[in-house]
Structure formats: C-alpha cells, structure tokens
Enquirer: 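One structure is given below, represented as structure tokens, and several questions about it will come after.
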Amino acid sequence: MTMNKWQVVLCSVLFGLPSSVLAEHEGLIAISALTGDQLASYQRTGIGLYRYDNDHDGIRLSQAMLSSRLELDRDWSMHSTVNVHADPSTTIGFSQAYLQYQPLTESRYKLAIKAGGFYPKMSLENPQSGWMSPYNYTNSAINSWLGEEIRTFGVEASIKRPGRQFRSEHSFEGVAAVFKGNDPAGTLLSWRGFALHDRQTTFNERIDFSVPASFSHSQLTKQADYVQPFEEVDGRFGYYVGAHWDYQKRSQFRIYYYDNNGDPSAINTRTGQYAWDTRFLSAAWLYKFTKQTRIIMQLLDGKTAMGKNRGVNNSFYSHFVMLSHKLDQHRLTIRYDYFKVSDHDDWMFDPNQSRGDALTASWRYQLSTQWQVGAEYSVLSSDAQNRPSMGFNERNSQQQLMLSAHWRF
C-alpha cells in the first residue's frame, strides 16, 4: 500500500487536530462479486472500457472511502476524502482535500470560498459524500472521465440566491474558479477513449493505458505510456465558470464551461507529460416526476490538443439519460450512454477516432441505514481506429455483471 509523503502530512493534520474541533466522518466499504468481460481492462493496460475483466472474477473490494468534515469555527471548515483502491495495485490517497469559508451572515445571499483540491460541482449523478452515486454502481462515461482526469487544484468562489430567502420558488448559484495542476487532462480520451467505471484518481496517482503503435513515431517518443492527470506542466492558470438553477427542488440544472488554458507545446520531459489544451461545456439536468421517480441527463462537449502545432487535435462528446425509481427500500435505475472522440489533426499515423454506447441497469435494496445490497448488469459496444495497429479488433462488445454489498459508517 502506497501513500505520498505530503499525503501522510495532510492526513496527520486532519486527524491530529485538537479535540475541541468538531469532526464529522462518513465512510463506505463496498464488496462486489464480479463476472467481468474477457477483454483485458484498461486497468491492466488492455483496451477494455470497464474497470474489471475476467481476471477480476470473484469477490473484490470495489470501494473504501472516508469523508471528513472538520468545523474549525463558525465560518471555517476543512473537508477531505480518502480512498483506498485494490486495483491495479493497493493504494491509499486523497481524492479531495480543501479548506472552505462559508460565513454565517444576515445577508440573504450566501457566499462560499474553497481552496485546495476538489471536484467542480458539475455532476448531478454523484451527489453523495465522497462524490459517490446513489444510482448505478458504474458511473456514466462523462462522470467516469471527470473522476479520472478532472480535479480543481485552486480556489473556487460561489454566491447563492436561495429561493426561500426571497419568497421565490427559484434558487440560483454562480460559480467561478482558477486553478493549476490539471494540464494532462485529455490524454485518456485521445488514446483510450471514454470508459465506464467508478474509480476516482487520487492526488499524484498515475493511470496506465494500452500503448498505441503511434508512440513509436518520433513525434510521440517523449510521451509516457501513462497519464498523471493532475500534474502542473506549463505554469499557466486554468479556470471554469458555472451556474445552477433549482426550481422547488424538483428541477435542477447546472451548466459549466471549463478551460485548463494548457500550452500544448509544453512538456515535462522527466515524467513524459504534455500540457493539453482542454476545454469543454457540461450541462446537467435533474427532474423529479414524483418523490419516487426522477430523470437525470448530462451532456459534455469539448476539445483537446497537444504537441507542437497541435499534432494531436481532437473533439469529444458524450451524453447520458438516466431514469431512476424508488419503491420503499428498493431503487431501480437504468442509464443509456453515448460517447465519441473525433480526430481533426493531420497525423495520419496516430488515429484517435473512437465511439461507443452502453446500457446499464441497477437494483439497490436498503437493508438498514448502514447496509445496502444490489446488482448491476452493463453492456457496451465500442470502436477505436487505433486498435488494429495494436493487434485488436477495431470494434468490440463487452458486458459486466456485479453483485454488491455496501456498509456505511
């Protein structure tokens, strides 16, 4: 089990504060019984788009998470999420750690400022503590990628206009952030494509991927066969802005524009990481037909480029539609995903075109406040133009069956 030195220091700070500091902790341990696909997973540098394959068949630790909130005083708090992963090797690290200032004032507008490492609030699929989902066990293609390659390492400010303070049925929130350290985001989309899983990349972790044949060409020999998505390469600041609208807590809409402002010609030759120029629009909508039934939709549309003269230049797009119904202790969810990457550059030796779609159905049963059991079946089909040069079929179909038990504490 590995942990970076600075993560050990941060952990000591978070859990070594005086007893007078009010601390709240929430944890999750999830054990799954799996039947994976025969196509080797990207986790084992294969081309499979699921987290697991038939090498993982059997009982697995799929999640171990501890989320903490420390009340420093009336206005200040510290937040962190620690994740333990058993794949591809056993690791422990932070997926979020930040300081928040949220003053209690008489003003009807509510201000909040975050500083540290955290997720942009783009997702309506992952509202639970630790950026977990109460719906499917496998995240959508969009939020699988956000969990892999996108994190804010900087400062975010938000101002909220709560409807109840203005005797209105509408609530609004504006969000803006500046950050560093997310320069290689776009690497996985270009050379692997989208994937479907629930694994969150921790700080300073790297993700391996199947090496394309194009890496033997001189233009790409400096690129590593892995990505460290949160590395700072070019010294530039990125930013994002967003807006939230909530109507009676029945209809929620979030829209964000993200731009890491990467210099695609910049590279860290020691780690083999380029600064990708990655920008995208994310729009998410949740609508409750009744207290039991809701629909969630999200769309992601963007561009990414790297290398001198933008030798790799791609656009990417994905959307999903999810329908979820709760009946007593049961929750049934079905989701359709579509995703694609389009190649717009002149490097014919490095094809990046890929596309796919997937259908995922889940059942969850709440045994008690602490225990939940469930099952999920997912099928996907995908094609990628760089697979034949690696000795694989361009088009592949996959499936995955999972039984899961969750314990919250």
Enquirer: Angle between ring planes, Y365 versus W363, binned at 30° and 60°: parallel, tilted or perpendicular?
Expert: parallel
Enquirer: What are the two closest non-hydrogen atoms of F209 and L188, and how far apart are they?
Expert: CD2-CD2, 3.9 Å
Enquirer: Would you please test H79 and S77 for side-chain hydrogen bond (donor to acceptor under 3.5 Å, both in side chains) and show each step?
Expert: CA-CA 7 Å; H79 303 253; S77 59; 2.8 Å; yes
Enquirer: Distance-only, no hydrogens or angles: does the D183 side chain make a donor-acceptor pair with backbone N or O of D234 under 3.5 Å?
Expert: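 Yes, because the side chain of D183 sits within donor-acceptor range (under 3.5 Å) of the backbone of D234.
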Enquirer: Tell me whether the centres of the aromatic rings in W285 and F253 are closer together than 6.0 Å.
Expert: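 Between W285 and F253, the centre distance exceeds or equals 6.0 Å.
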Enquirer: How about Y137 and H197: are their ring centroids closer than 6.0 Å?
Expert: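 Not close enough - the centres of the two rings lie 6.0 Å or further apart.
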Enquirer: Do R294's NZ or CZ and the ring of F289 fall within the cation-pi criteria of under 6.0 Å and 45°?
Expert: no
Enquirer: Is any side-chain heavy atom of I150 closer than 4.5 Å to one of F280?
Expert: yes
Enquirer: Taking the six-membered ring of F172 as reference, does the NZ or CZ atom of R161 fall below 6.0 Å from its centre and within a 45° cone about the axis?
Expert: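 Judged by the rule, R161 and F172 form no cation-pi pair.
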Enquirer: Under a 3.5 Å distance rule, please check whether R355 uses its side chain to pair with a backbone N or O of F339 as donor and acceptor.
Expert: no
Enquirer: Do Q400 and T138 come close enough that some side-chain heavy atom pair is under 4.5 Å?
Expert: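 Yes - at least one pair of side-chain heavy atoms lies under 4.5 Å apart.
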Enquirer: Could you check whether any side-chain N or O of Q96 sits under 3.5 Å from a backbone N or O of G116, counting only pairs where one atom can act as donor and the other as acceptor?
Expert: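 Such a contact is absent between Q96 side chain and G116 backbone.
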Enquirer: Measure centre to centre between the rings of F316 and W145, then say whether the value is under 6.0 Å.
Expert: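 Ring centres of W145 and F316 closer than 6.0 Å.
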Enquirer: Does a sphere of radius 6.0 Å around NZ in K326 hold more than 12 heavy atoms from other residues, nucleotides or ligands, not counting ones at 6.0 Å or beyond?
Expert: yes
Enquirer: Can you confirm if the aromatic rings of F118 and Y98 lie within a centre distance of less than 6.0 Å?
Expert: yes
Enquirer: Apply side chain to side chain contact (heavy atoms under 4.5 Å, CB included) to the pair W245 and Q252, showing each step before the final yes or no.
Expert: CA-CA 6 Å; W245 167 66; Q252 299 177 47; over 6 Å; no
Enquirer: Can you find a pair of side-chain heavy atoms, one from F179 and one from N182, that are under 4.5 Å apart?
Expert: yes
Enquirer: Using ring-ring contact (aromatic ring centres under 6.0 Å, His included), reason through F153 and F203 one step at a time and then give a plain yes or no.
Expert: CA-CA 10 Å; F153 292 89; F203 299 171; 4.9 Å; yes
Enquirer: Does a donor on one side chain sit under 3.5 Å from an acceptor on the other, for Q399 and Y377?
Expert: yes
Enquirer: Please check if the side chain of T187 supplies one atom and the backbone of V227 the other of a donor-acceptor pair under 3.5 Å.
Expert: no
Enquirer: Kindly state whether the ring of W407 and the ring of F409 have centres lying under 6.0 angstrom apart.
Expert: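 Aromatic pair counts; centres sit under 6.0 Å.
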Enquirer: In terms of side-chain geometry, is the basic nitrogen of R44 or D208 positioned less than 4.0 Å from the acidic oxygen of its partner?
Expert: no
Enquirer: How close do P134 and Q128 get, heavy atom to heavy atom, and via which atoms?
Expert: CB-NE2, 3.4 Å
Enquirer: Which residues satisfy the side-chain contact (heavy atoms from CB on, under 4.5 Å) test with H325, sequence neighbours excluded?
Expert: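 H325 satisfies side-chain contact (heavy atoms from CB on, under 4.5 Å) with Q292, T293, L327 only.
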Enquirer: Taking the six-membered ring for Trp and the full ring for Phe, Tyr or His, determine whether the centres of Y338 and Y336 are under 6.0 Å apart.
Expert: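 No.
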Enquirer: With a cut-off of 6.0 Å (strictly less than), are more than 12 heavy atoms of other residues, nucleotides or ligands near NZ of K340?
Expert: no
Enquirer: Is the closest basic N to carboxylate O distance between E205 and R199 below 4.0 Å?
Expert: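 Yes, E205 and R199 are salt-bridged.
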Enquirer: Between N314 and V341 (side chain of the first, backbone of the second, donor and acceptor by atom type, cut-off under 3.5 Å), is there such a pair?
Expert: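 Pair absent, no side-chain N/O of N314 close to backbone of V341.
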Enquirer: Just checking, is any N or O donor in the side chain of D198 or Q63 under 3.5 Å from an acceptor N or O on the other one?
Expert: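 Side-chain D/A pair, D198 to Q63: present.
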Enquirer: Find out whether P229 and T201 are in side-chain contact, i.e. whether some heavy atom of one side chain is under 4.5 Å from a heavy atom of the other.
Expert: yes
Enquirer: For H56, is there any backbone N or O sitting under 3.5 Å from a side-chain donor or acceptor partner on R60?
Expert: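 Such a contact is found between R60 side chain and H56 backbone.
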Enquirer: Charged N to carboxylate O under 4.0 angstrom, K121 versus E173?
Expert: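 Here K121 pairs with E173 in a salt bridge, since their nearest N and O are under 4.0 Å apart.
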Enquirer: Of the non-hydrogen atoms in Q353 and D343, which two are nearest, and what is the gap between them?
Expert: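 Looking at all heavy atoms of both residues, the shortest contact is OE1-N, 3.0 Å.
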Enquirer: Is there a side-chain contact between P162 and K110 (heavy atoms, below 4.5 Å)?
Expert: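 Touching, per the 4.5 Å side-chain cut-off.
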Enquirer: For N393 and R395, indicate whether the former's side chain and the latter's backbone hold a donor-acceptor pair under 3.5 Å.
Expert: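 Side chain of N393 to backbone of R395, a donor-acceptor pair under 3.5 Å: no, none is there.
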Enquirer: Measuring from atom CD of E376 to atom OG of S404, what distance do you get when rounded to the nearest 0.5 angstrom?
Expert: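 Atom-to-atom, E376:CD and S404:OG are 9.0 Å apart.
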Enquirer: Is S190 close to T304 at the side-chain level, that is, under 4.5 Å between some pair of heavy atoms?
Expert: yes
Enquirer: Any side-chain heavy-atom pair from Q366 and W371 closer than 4.5 angstrom?
Expert: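 A side-chain contact under 4.5 Å is absent here.
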Enquirer: Where do W191 and D350 come nearest, in terms of heavy atoms and distance?
Expert: NE1-OD1, 3.1 Å
Enquirer: Between D345 and R310, is there a side-chain N and carboxylate O pair less than 4.0 Å apart?
Expert: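 Judged by the 4.0 Å cut-off on N to carboxylate O distance, D345 and R310 do not form a salt bridge.
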Enquirer: Quick one, R335 and V321 - any side-chain contact, counting heavy atoms below 4.5 Å?
Expert: no
Enquirer: Counting distance only, does the side-chain N/O of S107 pair as donor-acceptor with the main-chain N or O of Y109 below 3.5 Å?
Expert: yes
Enquirer: In this structure, are over 12 heavy atoms from other groups packed under 6.0 Å from Q38 atom CD?
Expert: no
Enquirer: If you take all heavy atoms of Q43 and P88, which pair is closest and at what distance?
Expert: O-CB, 3.5 Å
Enquirer: With side-chain hydrogen bond (donor to acceptor under 3.5 Å, both in side chains) as the test, would you mind laying out the steps for S282 and Y257 before giving the verdict?
Expert: CA-CA 7 Å; S282 171; Y257 180 75; over 6 Å; no
Enquirer: Nearest 0.5 angstrom please: L332 CG to L323 CG, how far?
Expert: 10.0 Å
Enquirer: In Å and rounded to the nearest 0.5 Å, what is the CD to OG distance from Q200 to S144?
Expert: 10.0 Å
Enquirer: Show your reasoning for whether side-chain hydrogen bond (donor to acceptor under 3.5 Å, both in side chains) applies to S210 and Y42.
Expert: CA-CA 7 Å; S210 186; Y42 72 92; over 6 Å; no
Enquirer: Within this structure, what is the OG1-CG distance for the pair T278 and N260, rounded to the nearest 0.5 Å?
Expert: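 CG of N260 is found 4.5 Å from OG1 of T278.
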Enquirer: Would you say the side chains of R250 and Y287 form a donor-acceptor pair under 3.5 Å?
Expert: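 A pair is found: one side chain offers a donor N or O, the other an acceptor, under 3.5 Å apart.
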Enquirer: Can a salt bridge be assigned to the pair R192 and E148 using a cut-off of 4.0 Å between side-chain N and carboxylate O?
Expert: yes
Enquirer: Got a second to check how far K222's NZ is from R270's CZ, nearest 0.5 Å?
Expert: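 One finds 15.5 Å between NZ of K222 and CZ of R270.
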Enquirer: To the nearest 0.5 Å, what is the distance between CD (E169) and OH (Y247)?
Expert: 4.0 Å
Enquirer: Just checking F237: does its CZ atom have more than 12 heavy atoms from other residues, nucleotides or ligands closer to it than 6.0 angstrom?
Expert: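 Count not over threshold, so no.
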Enquirer: Return the minimal non-hydrogen interatomic distance between Q298 and L146, and the atom names on each side.
Expert: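 Nearest pair, atom of Q298 first, then L146: NE2-CD1, 4.5 Å.
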